[in-house]
There are 2 protein chains.
Amino acid sequence: MSSSLSESQKDLIERIGVYHEQQGMQPLMGRILGLLLILDDAEATFEDIIEHLNVSKSAVSTALNVMQIQNKVAYRTKPGERKRYFYLNMGNWENDIEKELEEIARVGVFVQEALALRSNRKPDFNNYLKNLCQFTEFFKRQIPKLFKEFQKSKS
Amino acid sequence: MSSSLSESQKDLIERIGVYHEQQGMQPLMGRILGLLLILDDAEATFEDIIEHLNVSKSAVSTALNVMQIQNKVAYRTKPGERKRYFYLNMGNWENDIEKELEEIARVGVFVQEALALRSNRKPDFNNYLKNLCQFTEFFKRQIPKLFKEFQKSKS
DNA sequence: TTGTTTGTTCACCAAAAAATGAACCAAATA
DNA sequence: TATTTGGTTCATTTTTTGGTGAACAAACAA
């Protein structure tokens with residue numbers, strides 16, 4: 001396997017794993033992301049992953065397949081070798097973050113639907129909900145601007 | 001119990017439940033949120049919740065206690081009655097959303113840590129990570145502005 | 001052809017999460 | 001004092017999740 005990991009590296013991988021777990025990702029997927037982020041080569045074979053993370057082939061296979069479908073990782077091969085070298089698909093963190101932000105804003109849709117079904121027995125409550133909807137709509141509009149502003153701030 | 005729910009109301013409650021479940025909340029908690037959002041009175045007793053959602057007393061008790069600690073719901077009482085009327089604590093959705101946004105930005109911290117441990121064997125990859133860090137920092141700074149801008153946009 | 005390497009599939013298992021039901025308690029009422 | 005009401009606690013059960021290992025498949029090598 002490629003070089004062994006230091007304690008601080010292992011620790012960080014675990015913490016990255018827990019973070020992603022809390023964000024709704026499967027435990028192993030989170031740790032694979034961590035591993036690929038920490039490895040100096042920024043890539044790992046199937047076997048590397050198994051050995052570094054102490055998990056079974058099948059678990060890695062399943063996790064990697066899901067992660068490939070989700071465009072989180074990809075792999076390349078090297079001439080003469082059959083092994084796959086998996087690496088983080090860093091091409092679109094902007095897209096990932098954008099999706100997460102949109103997911104947060106999705107409450108607004110539900111509140112909207114709720115409002116449509118509500119009588120006006122509780123006008124204050126309804127107004128409160130309307131305000132929340134307005135915010136989520138405002139927020140959704142701001143998302144693309146956010147990325148543009150960031151690009152601008154860099155130049 | 002208070003009036004019975006229509007099919008579309010029940011359906012919306014379930015969908016709100018699933019949404020919150022996916023955001024990491026316990027299933028029952030999500031449905032309670034949905035119920036309190038849909039009920040015309042915007043409040044429900046312990047018993048109402050049990051009957052509308054078809055769950056046990058103990059499950060409701062546990063869920064409500066957690067939700068009160070998390071400041072998601074509160075209850076009031078009515079003179080002469082011992083029942084508690086639970087309602088959504090709508091005082092701070094801004095705060096909730098703010099916290100969720102900060103949680104998203106937390107990846108940046110991990111990436112920062114990863115960078116500190118990485119050699120510069122893969123400068124492109126490292127630069128990519130640096131860029132991501134810069135974005136999360138930028139993003140964190142924008143969060144308070146977002147709410148201010150929203151307030152401004154309303155006046 | 002036979003064997004080896006690399007990865008997949010699937011039936012099974014262990015641990016964790018969530019819900020239940022019964023016993024319990026505290027406050028109000030008769 | 002005994003009873004009812006409203007809610008809590010906890011041991012137990014059910015459901016879901018994540019992972020394992022063995023059998024299998026595909027690709028290449030001898």
Side-chain angles (χ1 to χ4, degrees), chain A residues 1-2 13-14 16-36 41 43-70 72-87, chain B residues 1-2 13-14 16-36 41 43-70 72-87:
Chain A
M1 95 163 106
S2 62
I13 291 171
E14 286 306 315
I16 291 173
V18 170
Y19 169 80
H20 282 101
E21 217 172 309
Q22 287 169 347
Q23 303 290 308
M25 191 172 282
Q26 292 178 0
L28 181 53
M29 284 172 55
R31 278 177 288 155
I32 292 176
L33 286 192
L35 181 66
L36 295 179
D41 289 332
E43 63 184 15
T45 66
F46 210 89
E47 254 222 297
D48 290 339
I49 297 176
I50 289 170
E51 295 183 16
H52 278 124
L53 301 181
N54 287 300
V55 282
S56 65
K57 274 168 70 165
S58 44
V60 172
S61 175
T62 314
L64 283 177
N65 285 332
V66 174
M67 292 168 85
Q68 284 175 90
I69 288 167
Q70 295 177 342
K72 299 220 181 301
V73 301
Y75 68 83
R76 67 185 184 108
T77 49
K78 295 183 181 179
E81 281 188 54
R82 263 191 289 169
K83 289 184 188 178
R84 298 173 186 176
Y85 288 79
F86 292 91
Y87 58 89
Chain B
M1 87 165 112
S2 62
I13 291 171
E14 286 306 315
I16 291 172
V18 170
Y19 170 79
H20 282 101
E21 219 173 308
Q22 288 170 344
Q23 303 291 310
M25 194 174 282
Q26 294 178 359
L28 181 54
M29 285 174 53
R31 280 177 288 155
I32 291 176
L33 285 192
L35 179 66
L36 295 178
D41 289 332
E43 61 184 16
T45 66
F46 210 89
E47 254 222 296
D48 291 339
I49 297 175
I50 289 170
E51 295 183 15
H52 277 124
L53 301 181
N54 288 303
V55 282
S56 65
K57 273 166 73 162
S58 44
V60 172
S61 175
T62 314
L64 283 177
N65 285 332
V66 176
M67 292 168 86
Q68 286 176 88
I69 288 167
Q70 294 178 342
K72 299 221 180 301
V73 301
Y75 70 83
R76 67 184 185 111
T77 49
K78 294 182 181 181
E81 280 188 53
R82 260 192 291 169
K83 288 183 188 175
R84 297 173 187 175
Y85 287 80
F86 293 91
Y87 58 89

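Side chains are part of it too, since the values below use all heavy atoms of this structure and drop only hydrogens, waters and symmetry mates.
Applying the side-chain contact (heavy atoms from CB on, under 4.5 Å) test to A/Ile50 and every residue at least two apart in sequence or in another chain returns A/Phe46, A/Lys57, A/Val60. Looking at residues two or more places apart in sequence or on another chain, you find no side-chain hydrogen bond (donor to acceptor under 3.5 Å, both in side chains) involving B/Ser61. With sequence neighbours excluded, the residues forming a side-chain contact (heavy atoms from CB on, under 4.5 Å) with B/Ser56 are B/Ser58, B/Ala59, listed by chain and number. For B/Tyr19, the ring pair (Phe, Tyr, Trp, His ring centres under 6.0 Å) partners two or more places apart in sequence, or in a different chain, are A/Phe110. Remark: A/Val18 pairs with A/Gln22 by the side-chain contact (heavy atoms from CB on, under 4.5 Å) rule, at least two apart or across chains. Applying the side-chain hydrogen bond (donor to acceptor under 3.5 Å, both in side chains) rule to A/Thr45 yields the partners A/Asp48; only residues at least two apart in sequence or on another chain are considered.
Put simply, the side chain of B/Ile49 reaches to within 4.5 Å of the side chain of B/Leu64, judged on heavy atoms. Counting heavy atoms from C-beta outward, A/Asp41 and A/Glu43 have side chains that approach closer than 4.5 Å.
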*Just by protein heavy atoms under 4.0 Å, how would nucleotides 3-11 of chain C read 5' to 3' in B, S and -?*
--BSBBBB-
*Treat primed atoms plus P, OP1 and OP2 as sugar-phosphate and everything else as base, then score nucleotides 11-16 of chain D 5' to 3': B for base contact with protein heavy atoms under 4.0 Å, S for sugar-phosphate contact only, - for none.*
------
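A distance of 8.5 Å separates CG of B/Leu33 from CD1 of B/Ile16, quoted to the nearest 0.5 Å. We find the CE-CE distance between A/Met67 and A/Met25 to be 6.5 Å, quoted to the nearest 0.5 Å.
Taking atom CD of residue A/Gln22 and atom C1' of nucleotide C/dA16, one finds them 15 Å apart after rounding to whole Å. Here D/dG18 presents its P atom at 15 Å from NE2 of A/His20, a figure rounded to the nearest Å. Put simply, CG on B/Leu53 is 15 Å from C1' on C/dA18, counting in whole angstrom units. Between the P atom of D/dT5 and the CG atom of B/Asp48 lies a distance of 16 Å, rounded to the nearest Å. A/Glu21 places its CD atom 9 Å from the P atom of C/dA17, with the value rounded to the nearest Å. Atom pair A/Glu81:CD and D/dA29:C1' shows a separation of 15 Å (rounding to whole Å applied). Atom NZ of B/Lys78 is separated from atom P of D/dG6 by 13 Å (rounded to the nearest Å).
Within residues 26-35 of chain A, no residue has any heavy atom closer than 4.0 Å to DNA chain C.
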Output a table of donor-acceptor pairs, distance under 3.5 Å, between side-chain atoms of residues 79-87 of chain A and any protein atom two or more places apart or on a different chain; print 'none' if there are none.
from, atom 1, to, atom 2, distance (Å)
A/Glu81, OE1, A/Tyr85, OH, 2.8

